[in-house]
Amino acid sequence: MAIGIKKVDSNITLTLWERMYAPEIIRGLYITMRHFTVNLWGLALEALGRRDKRKIMTVYYPEETLTPPPAYRGRPVLVRAENGLEKCVACGLCEVACPPKCIKITGGERENGDRYPLTYELDGGRCIFCGFCEEVCPKDAIVMSAEWRELCEYGRARMVYQKEALLYPQRNLQKRINLIRSRYFGVSRYRGKA
Amino acid sequence: MISPELIETAAKIIFVFALTLGFFAPVLGWVERKQSAVMQDRIGANRAGVFGFTVIGLLHSLADAIKLVFKEDFTPRGAEKALHTLAPVMAVIPALIAFAVIPFGGQYTLWGHRVNLVVADLDVGLLFVFAISSISTYGVVIAGWASNNNWSLLGGLRASAQMFSYEVAMGLTVIALVMYYQSLSLVEIVAKQENFWHWGIVWHWPAFLLFFSCAIAENKRVPFDAPEAESELVAGYFTEYSGMKFVMFWAAEFIEMVTIAGMCVALFLGGHHIPFVTQAGLAEALGAFGPNGAQVAAMLIGVGVFVFKLILLLALQMAVRWTLPRFRYDQIMKLGWKMILPLSLAWISLTGAAILAGVMPRP
């Protein structure tokens, strides 16, 4: 086949109204000015204390913060049950499942025979927030919290969380626990014992 | 020897400087940031503050000024030093001078002294504006040439062709108005717009649209900012400028915006006149202030109305700037020579025919 010029149909067929140019400019101006007035009105209402009426989505981080939805995977934490003890039984499944191998557990045993983690170490500098630990945990003992602020530190050593730093009261994590139960076990609106 | 005329002129010059350089240049810098932000569903600059008071971002202009004063004034190697320094001056001075013939109020008699609120009441004020604004082209072209930079040179080239083309069209758009008002003096043109039905925009709204687009092109603002064209030419003709020299180009752009708005107000929107209120009627309504007080009050109202119309047109220019994308260079030329120029010629013929036929009664 001989080399020829390929004509690209750029799909631009303007109507006479569009080719007159001025009406389309006025239409564009109408759109931008509509945004302008709506946003200005929203900012005025915000100054009067009606933040919810604002159409601008911008969140000014240090002053304003968002609460992430329960599906958000923040820093993994250990669940402290209502009786004050950790739910973890030191089975070591999370340790195995963890792709970057950031979890280290040494198990122990209480007088009544319950197993519990003597030490639980989670290296926040290596954690990739994948949520496998949470998925693999048979006791809902480690879950991804909504914590996302100020996780930075000046050194890697300071990002290694020990057991005490990881323990979170269960009532703060109930939404996430409900979510993962319905997601991983297919139990919707799970109302099991705490 | 200090005569009342000297004081009057000095006061008017100080007022014009305060209005353009002191008020509009920094405030337009703020408006440009803030209006664009709000139009684009953002919040915009609001961080600069003193003791926590940010005044909705107004202090950013101040912070910018302080930053730019202390910036290094850089001249690139191989640049034409003298011209490189002269170019920003040649851009900013014409912008300021052109405002001299724009009347920002009417004529008033204060304590037996006649005050005409225009810095220079020239009989050929309209020509003066065109003559002076065409000088600002040199500033841009010289800046592009003296910088020893490819982008600057291309920007200067584009500016020279663009500004020349649009000056032709811009000059032709006002000829219809000159025929209508039978005067080249801006003061006289404004005085003839006392009756609302004699405002330029009533009969000559096509000329207004053409003049306004030409003026924006003349000021090299979006959508006609091919000489600057950040995405193509870095910053165009002022790529190599920093510090206060850069501020001069920046200020020249804003002052020219004010001058364009002032020209449009004087030619099309009746200057300081309020619709359906005559000067005599205004003075009568303010009669309670006494003869001198009424004149002072009328003067303040006139200047206020002028500034209000100025702000409206500036807001319109800002809205256009943040609505439209940049034209391609050939589109600019096509629009200038093939559309605006014939349209303005057509409008001149139409106006002439209408005046001859007696359809368009002249003031």
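FYI, side chains are in, hydrogens and waters are out, and symmetry mates aren't considered; it's all heavy atoms of this structure. Keep in mind that what you see is a predicted model, and the values were worked out from it rather than measured. Lettering of chains follows the sequences in order, A, B, ..., and the numbering in each one begins at 1.
Note that OG1 of B/T323 is 10.5 Å distant from NE2 of A/H35, once rounded to the nearest 0.5 Å. Atom OG1 of A/T37 and atom CE of B/M39 lie 10.0 Å apart (nearest 0.5 Å). Between B/D41 atom CG and A/F36 atom CZ the span is 12.0 Å, to the nearest 0.5 Å. Here the CG atom belonging to B/L324 is positioned 11.0 Å from the CD atom belonging to A/E24, to the nearest 0.5 angstrom.
The environment of B/Y329 atom OH is dense: over 12 non-hydrogen atoms of other residues, nucleotides or ligands sit within 6.0 angstrom. Applying the 6.0 Å contact sphere to CZ of A/R115 captures more than 12 heavy atoms from other residues, nucleotides or ligands. Within 6.0 Å of CH2 on A/W148 lie more than 12 heavy atoms contributed by other residues, nucleotides or ligands. Under a cut-off of 6.0 angstrom, the local environment of CH2 in B/W337 is crowded, with over 12 non-hydrogen atoms contributed by other residues, nucleotides or ligands. Around NZ of A/K104, the count of heavy atoms belonging to other residues, nucleotides or ligands within 6.0 Å does not exceed 12.
Using a 4.5 Å cut-off between heavy atoms, B/I43 contacts chain A through both its backbone and its side chain.
When the candidates A/N39, A/T58, A/I25, A/L43 are compared by the number of heavy-atom contacts under 4.5 Å with chain B, A/N39 comes out ahead.
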